[in-house]
Structures are given as C-alpha cells and as structure tokens.
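Report on the following structure.
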Amino acid sequence: MSANGGTKAIVAALLANVGIAITKFVAFLLTSSSSMLAESVHSVADSGNQALLLLGGKRAKRAATPEHPFGYGRERYIYAFIVSIVLFSIGGLFALYEAYHKWSDPHGITEWQWVPIVVLVAAIIMESFSFRTAIKESNHVRGNQSWVRFIRRAKAPELPVVLLEDFGALVGLVFALFGVTMTLITGNGEWDAAGTAMIGVLLVLIAIVLAIETKSLLLGEGAEASDVAAIERAVTDGPEVERIIHMKTLYLGPEELMVAAKIGVPACESAQDLARGINAVEARIRAAVPTARVIYLEPDIYSVAAAEAGTGTAADTAAPQPEAERSGG
C-alpha cells in the first residue's frame, strides 16, 4: 500500500469528521436528540482515530535502534488496534448507554425540528466524499481482490480502518436519520432511542472486526502465497542454490518483509564464491518482492538421508563420534 495514499484518505476523513462533529453537536444542543448526541460522539471518536493513525504512521518511520533492531514499523498496527478500542468504548458503548437512557425517558423533538434533518443530510454528503476518497485510494492497491479479502489481508492497516469507519459512519447516519424522522412523524422519542441503539450495535461490530484483523497483524503474518511463490522462484532460479530446505517469512511492518531460509548449495571452492552466490540470490529476491528488505540466508549441504529423517541438512546426519574420541581419550 502506498503510504501517501493512506495518508490522503486519513486526512480527508479527519477533515470531514471534524466538521461533521461540530454540526452534529450543535444540532444536539438545539434538539436534545439522542441520535444526534450518539452521532456527535461517533464523529469525535472517528476524528481522534484518524489522528491516532497519522501519529502511528509518523512514529513508524523512526530509525531502528539497538533496543528495536527491526525498527518501529509495527507501531502502525498498535495504533490501529487502539483505534478499534476507541471505536468500541467511546463510540459503540456510549451510543448503547445513550439509547438505554433515552428509552427510559423518551421525549420527542419539539424545537428546531428541521435542524437534525438538515444536519444529517449534509453529514451524509460530506461523509460520502470521504468514503469516495478511501475507495479511490484503496483501488490503487486492491487489485482483483474482493473488498472483504482486501480488508482481511491488507498488511497496511490505515485504508481498511478508514474504509470501515467511513462505511460505519454512513450507515450510522442513515440509522440516525431514520430515528429522527420517525420521532418527528410520531412524536415518540423511542424511535430516537432505537436509532441510537442501532448506531451503537453497528459501531461495536465494526470495532470487533477491526480488533480481530489488527490482532492478526500484531501477532505476525507471513507473506501472501503469491509472494512466497515469487521468493521461492527467485531463490532457485540460478546455479547458486540447489533447493530450499525450509523458509519462513514475516512482516516487520506494512512495507517491510523479513525472509529467512536455509538453502541447499552446491560445493564451492571458496567462501568468496559462496558469498557472491548468496548476494546474487538476495538481489533476485528483492527484485521479485520489493518489500523483502530483511533477508537471512543460511547455506547448507542438502542430504537425502537427512530429509527422510525430517531435518534436510547433511550436518544433522553426520555420524556421531565416540565419546572417547570427542574427549581426546
């Protein structure tokens, strides 16, 4: 994912949500609508979330240190996980609490009745532009993936987070518009409470999805099957390597993949020949998968007998020396 694309979508969402939050809160003060209050808090939470994503992106660019030799790329995952917590607690749970409070004491909207309708329609228009930006930026990197697969498999968290937030914001605005409209038509504040409850349930569900997907990234995900296949071809596409004994990949950050492999190499005359061969393999890997920036290759001599024993390396099948010989006796 392009970092610039993710930042553009975040900034667009941040600007939209700040403006929407202000107008919603003014509408709540004029009408005392619980749906408007829930949507106001929702927009405030979204604005804070976008600020967290920007902060995480900035902190992730720090250079590696002895304490963190692989850098800070995963900070983007940490801040995305915090976003899910904020969305769940401040957005979802608050909306559910406000729905319960309004249901216990329902009252209609008696003043400034046109305000919430105008504000919600305007918010839907502004949120649609933000959502359109997120979709446009996501399409640059989504390829042929479905939207569900893109959200589940994206290694950079910003665009999936903004997509889900904007989608939730649009659906939440429709719920709020439904609750407010029915309250104005019937004069029954329970419709307002119902719209607020629908917003709360929606935000809780989105927060859970974000938490699950971000947790997977925090635990550590390997490369996609297509990238693994490309790396394997790059390793064996030359005389330097006879075969891959075993290989593991791990994303250190959204744009930094680590590749570690034990490779079977043919006999060579000098360490210099071996080093040149490994350098050539590393260059092919980086050309095939540019995100593969940290590469560790361990050369070994492949053994069929060892492979049958489950190890694959000749060193593991060497006949053990008698105890007396090892001790020099």
Side-chain angles (χ1 to χ4, degrees), residues 1-14 16-17 42-43 45-46 49-50 52-53 56-57 60 73-74 76-89 91-92 95 124 127-175 198-230 249-257 289 291:
M1 173 190 297
S2 169
N4 290 335
T7 301
K8 183 177 180 180
I10 296 170
V11 171
L14 176 60
N17 278 311
H42 178 192
S43 292
D46 280 354
N49 288 341
Q50 276 107 46
L52 285 171
L53 291 176
R74 286 197 179 185
R76 288 165 70 178
Y77 300 153
I78 293 172
Y79 279 87
F81 189 76
I82 294 173
V83 163
S84 69
I85 297 173
V86 171
L87 194 63
F88 178 84
S89 57
I124 289 173
E127 200 68 63
S128 297
F129 280 107
S130 174
F131 192 38
R132 178 177 175 274
T133 300
I135 291 174
K136 182 179 179 181
E137 296 302 323
S138 298
N139 281 333
H140 292 160
V141 294
R142 183 170 65 95
N144 296 324
Q145 297 180 90
S146 67
W147 284 108
V148 172
R149 181 172 175 79
F150 172 69
I151 290 171
R152 293 196 62 186
R153 301 303 299 169
K155 304 306 179 185
E158 290 83 1
L159 283 178
V161 169
V162 173
L163 278 169
L164 286 174
E165 281 191 345
D166 285 352
F167 173 77
L170 279 172
V171 176
L173 287 167
V174 172
F175 288 163
M198 293 164 66
I199 295 169
V201 171
L202 173 69
L203 295 181
V204 167
L205 291 176
I206 290 176
I208 290 173
V209 171
L210 281 177
I212 291 172
E213 298 305 323
T214 311
K215 169 178 165 286
S216 178
L217 292 170
L218 281 171
L219 288 175
E221 290 187 357
E224 292 287 324
S226 58
D227 286 341
V228 171
T249 62
L250 179 68
Y251 270 95
L252 303 175
E255 295 161 2
E256 187 173 35
L257 179 67
V289 181
T291 55

Report task. Check whether any side-chain heavy atom of Trp147 lies under 4.5 Å from a side-chain heavy atom of Leu163, and answer yes or no. Result -> yes
Query - Glu255 side chain near Arg76 side chain, heavy-atom distance below 4.5 Å - result: yes
Query - Side-chain touch Val204/Leu87, heavy atoms, less than 4.5 angstrom - result: no
Query raised in the report: Between CG of Leu205 and CD1 of Ile208, what distance do you get to the nearest 0.5 Å?
Result: 6.0 Å
Report task. Give a yes or no on whether a salt bridge exists between Arg142 and Glu137, defined as a side-chain N under 4.0 angstrom from a carboxylate O. Result -> no
Query - Check against salt bridge (Lys or Arg N to Asp or Glu O under 4.0 Å), Arg132 and Glu127 - result: CA-CA 8 Å; Arg132 178 177 175 274; Glu127 200 68 63; over 6 Å; no
Report task. Answer yes or no: are there more than 12 heavy-atom neighbours, outside Arg152 itself, under 6.0 Å from its atom CZ? Result -> no
Requested in this report: Please tell me if the side chains of Ile151 and Leu164 come closer than 4.5 Å, counting only heavy atoms from C-beta onward.
Outcome: yes
Query raised in the report: Can you check whether Val83 reaches Gln50 side chain to side chain, under 4.5 Å on heavy atoms?
Result: no
Query raised in the report: Would you say Tyr251 and Leu217 make side-chain contact, with heavy atoms under 4.5 Å?
Result: no
Report task. Flag the pair Phe150 / Val141 as yes when at least one side-chain heavy-atom distance between them is below 4.5 Å, and no otherwise. Result -> yes
Requested in this report: Measure from the side-chain N and O atoms of Thr214 to the backbone N and O of Ala211, and report whether any donor-acceptor pair falls under 3.5 Å.
Outcome: no
Query raised in the report: Considering only heavy atoms from C-beta outward, does the side chain of Lys155 approach that of Tyr77 to under 4.5 Å?
Result: yes
Query raised in the report: Which pair of heavy atoms, one from Pro157 and one from Pro254, lies closest together, and at what distance?
Result: CD-CG, 4.0 Å
Report task. Please confirm whether the backbone N or O of Ala223 pairs with a side-chain atom of Thr249, one donor and one acceptor, at under 3.5 Å? Result -> yes
**Report entry** Exercise: do Ser216 and Glu221 side chains pair donor with acceptor under 3.5 Å
**Finding:** yes
Query raised in the report: What are the two closest non-hydrogen atoms of Ala12 and Thr133, and how far apart are they?
Result: CB-CG2, 4.0 Å
